[in-house]
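A quick write-up on the structure given underneath.
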Amino acid sequence: MEENQATNPFPAIEKKWQKRWEENKVFKVKLDESRPKYYALEMFPYPSGYLHMGHVRNYSIGDAYARYKRMSGFNVLYPMGYDAFGLPAENAAIKNKANPKEWTLKNIEGQKKQQKLLGLSYDWSREIRTCLPDYYRWNQWIFIKMFEKGLAYRKKGLINWCPDCQTVLANEQVEDGKCWRCKSQVEQKPLEQWYLKIKSYAEELLSELDNLDNWPERVKIMQRNWIGKSHGTTIDFKIVNEDGSDTGKTISTFTTRPDTAFGITYLVLAVEHPLVTELTKGTDYEKSIKDFVSEVKKKSIIERTAEGKEKTGVFLGKYFINPINGRKCPLWAADYALMDYGTGAVMAVPTHDQRDFEFAKKYNLPLIVVISPDSYELNPDKMARAYIEEGTLVNSGKFNGMNNVEAMEEISKFLEEKRFGKKTTTYKLRDWLISRQRYWGTPIPMIYCDNCGIVPEKEENLPVLLPEDVEFTGEGNPIETSLKFRHVICPICERDARRETDTMDTFFDSSWYFFRYCDPENKKEMIDKKLADYWMPVDQYIGGIEHAILHLLYSRFFTKVMRDMKLTNVSEPFARLLCQGMVCKDGAKMSKSLGNVVDPGSIIENYGADTARLFMLFAALPEKELEWSDQGVQGAFRFINRVFRLVENTEVISLNELSEKAEATLENKDRSLIGKTHKTIKKVSAFIDEFAFSLAIGAIMEFVNDIYKYREGKINEQVYGYAIKNLALLLCPFTPHLSEEMWERIGMNKNHKQFISTASWPEYDETKIDEAAEAAEKLIEDVRRDITHIIELTKKSPEKITMFISDDWKFEFFAMLKEKMKETYDVKTLISEFMKSDMKKYGTEISKSIPQFIKNPAKLPAIVLSEKIEFEALTDNKENLEKLFGCKIEIIKASQSKEAKAKQATPGKPAILIS
RNA sequence: GCGGAGGUGCCGGAGUGGCCAAACGGGAUAGGCUCAAGACCUAUUAGCUUAGUGCUUACGCAGGUUCGAUCCCUGCCCUCCGCACCA
């Protein structure tokens, strides 16, 4: 759209307003108890250096809503910041010898510039950059607090290791066995790492999901699945030797099916289970088991968990006693038991569990049926699959004959009474591994002292600054190359000690940044409690679905931790959540790898930010996928121009209020426009409330069409001014620059300080919505169009016009037509008479005009008039009509289609005919 | 496999028993205006047909309920998303 640039006034207009907003600090907010607060927030971006369409969409949605709320009288906190720590900066350092800090800060500047070009109404004075010590010192501070409370701890365990990123990953960051960022295969390694005890909040994180009424259902479901609560029973088994002699060891298993306890025929341990080596040490089985274990461990997670993969296992040479029936069964190790779920051991009931069934068949382990279907009998030798439906207990001692659902409760009660086990709840959620062996992150403020052990840094020594004297070789953690950093004095015994060189997961940074926006410059505290309690929770949070688990779960966890530390009173950080859909082009997600990206910069440059924003909001509802369309962008641009033309010349505008007296004398078309103004305000407000921006914009477009129609006739300055003023207000959330410009041009911004951005959102008056006037207007409009059409057609084929009659027109209207025809035979005069007349008195029920007046213009023209009543009148005036249109007129009766239709559909039976 | 969301015309999307060939907006096509483009105005935008009317086929597919279904019920298919050897 090269030609746009020469004539497109918007880039200049946008720049002008952006500058004025900034100079006048229009969007700066502070605590104000007199107004209700509203906290609108978009997920802060990672500063990769450029904005993509997904960002633009995210911000367009957020800004529209923030502006709407601001105009509606709320004290709106709407901030922006940067999630500035992370691997890309470090990778750039390795690749290009760039300094991660400079690289990041430069990218932030670039991104910020683009955000400013969009005209987003952020309070920039609250900007946050997580890579700056002012911010990350509070990461360190709260980490120490967590350590003191036992919520942060160090543990050795099998961890996920990404060989490409050269660091460990949290479970949440492993997708499909691959690294969430670089997609390389994740390995398992035993390492000692820092963890946060998110698991101790599992129950609350789960149960409070039910109160998040304004979160998308699917996000809640994903979190529920991730937390993965299941109720069951732990059963303890004595481990015995082949001859039945006690080994002195026991093993517990977790099951959700205690009703099947009599059907246990073997038990499997995860290969990582400590008992596996313990029990086999020095036995004949030692070597074969070691081989098996190392074989399994060699396999990747993918291989081990692949669908339909055959399960493998090995007998441990030991047995156990099922306490419920005293049965001695073999103990196995198998790859299908997972160390990190339940107890790392599975009690196997092959008849009633598909996995156990397959395993038992393969290794020839016995099968005992304990649940019988009601209609037939199960034969363990002939079963092709496990029976997992409901049934009646058999082979289960005193529980025989009981329904299995009932038996779950009864058997676990029995086990508990006999102290063979107890009811247990488990969660799939595991503690959050937060240490990373990377440079560009918050240093973990811990010290290793040979004397005192693991000691936190003293609070007054915070922040522990990231060292600058490091080398980026691509091997190992760069921080370790800084000797100055590593060496430290123990805060307790003051001897030489070693500083932790791991840094924090960047998700740590983003788990509480929304608190910091409330009080970004506080040097003394993480956040002032009063400010936190004023602004929090975030009333509306907007971001991509990709964070449904990771960031959104961590943030909820942090908020609860902070509440328990009395830093805030809120329990849930985000009251309402919106996950916007993807931006697609040619049917696929816009992505660099597919090469179907459209650069927001070029759109802003060629059309302006308002066009980009309007298109984004108009093209699809926020949650839905948005298909990019160049025509759509042009459509948005055309619309903006169309609106702009309304104010290019403003001499017909008056901003004075209409007096009651003046209002009483208004014509129909004026009343109609006032009514439409109120109606549009009502519609747009309701649509924005439910985030139906595309529909809100559609309603505004309709309104603009009406204004244009209104302009064709005589204009009442006040009525027109009222419409334009409200149009500007309604558009402000979507096209703020255009609105400001309109506001100024119509004289609402007297001293360059009365911004529309802070003006009040218009209110509508239901009583002003004048449907009757509107309908009358529409009718006149239709008649006018029809008559114009007739004139055109008579020019073409003047020999004959046929008039048709239908019941759509009211008698009064026809009478008027008749009346007018007595006076004049001039079509133009007739039309203008129509235009001037007060149609309201001709009835409020005039609702429909002549539909599809003439379908084929090449054929004879026709005018459709009301049947019955008017028929006579019309024949009366046949001559006049002929004179009027200057041609022959023929009158034919129209058929009663509706009634006929209803009758047709009602052979014999009564139909309800609504008309 | 389990769980969730959804399938309406070129697109975005309304509609939740008759007023629905389907609101509203966008786009497209044609005509007008214009030297021309843009803008603007008007009409058309499932098919056939008519002077208007009408008819046929239509709201994922197949049945059912009903005088009548896009809307209610049943079954099926498809798409998208999440989880996935979770004991």
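Nearest to the side chain of Thr255(A), among A87(B), C83(B), G13(B), sits A87(B). For Ala620(A), counting side-chain heavy atoms from C-beta on, the closest listed nucleotide (A87(B), G4(B), G12(B)) is G12(B). When each of A84(B), A87(B), G4(B) is scored by its nearest atom to the side-chain atoms of Trp226(A), the top-ranked nucleotide is A84(B).
Comparing Glu217(A) and Arg430(A) against RNA chain B, the residue whose closest nucleotide sits nearer the 5' end is Glu217(A). Residue-to-nucleotide proximity on RNA chain B shows that, of Asp353(A) and Leu621(A), the 5′-proximal contact is made by Leu621(A).
Nucleotide A62(B) has U74(B) as its partner under the Watson-Crick or G-U criteria, with both atom distances under 3.5 Å. Across all strands shown, C2(B) forms a Watson-Crick or G-U wobble pair with G82(B), both key distances being under 3.5 Å. Pair assignment for U44(B): A28(B), on the basis of Watson-Crick or G-U wobble contacts that are both within less than 3.5 Å. Of the nucleotides present, none pairs with U50(B) by Watson-Crick or G-U wobble criteria with both distances under 3.5 Å. As the counterpart of G68(B), no nucleotide is assigned, since no Watson-Crick or G-U wobble pattern has both distances under 3.5 Å.
Of the possible polar contacts, one joining the Asn322(A) side chain to the Ala261(A) backbone as a donor-acceptor pair under 3.5 Å is found. Asn404(A) places no side-chain N or O within donor-acceptor distance of the main-chain N or O of Asp259(A), the cut-off being under 3.5 Å.
Comparing G12(B) with G17(B), their P atoms are spaced 25 Å from each other, to the whole Å.
Judged by distance alone, the side chains of Glu358(A) and Tyr336(A) never bring a donor and an acceptor atom under 3.5 Å apart. Under 3.5 Å, the side chains of Tyr341(A) and Ser230(A) contain a donor-acceptor pair of N or O atoms.
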List every contact pair, protein side and nucleotides 25-29 of chain B side both N or O, where the distance is under 3.5 Å.
{"unit_1": "G27(B)", "atom_1": "OP1", "unit_2": "Arg638(A)", "atom_2": "NE", "d": "3.3"}
{"unit_1": "G27(B)", "atom_1": "OP1", "unit_2": "Arg638(A)", "atom_2": "NH2", "d": "2.4"}

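In this structure, Phe637(A) and Phe10(A) have side chains that are in contact, with non-hydrogen atoms separated by less than 4.5 Å.
If you check every strand for non-hydrogen atoms under 4.0 Å, Leu695(A) touches sugar and phosphate atoms only.
Around NZ of Lys362(A), the count of heavy atoms belonging to other residues, nucleotides or ligands within 6.0 Å exceeds 12.
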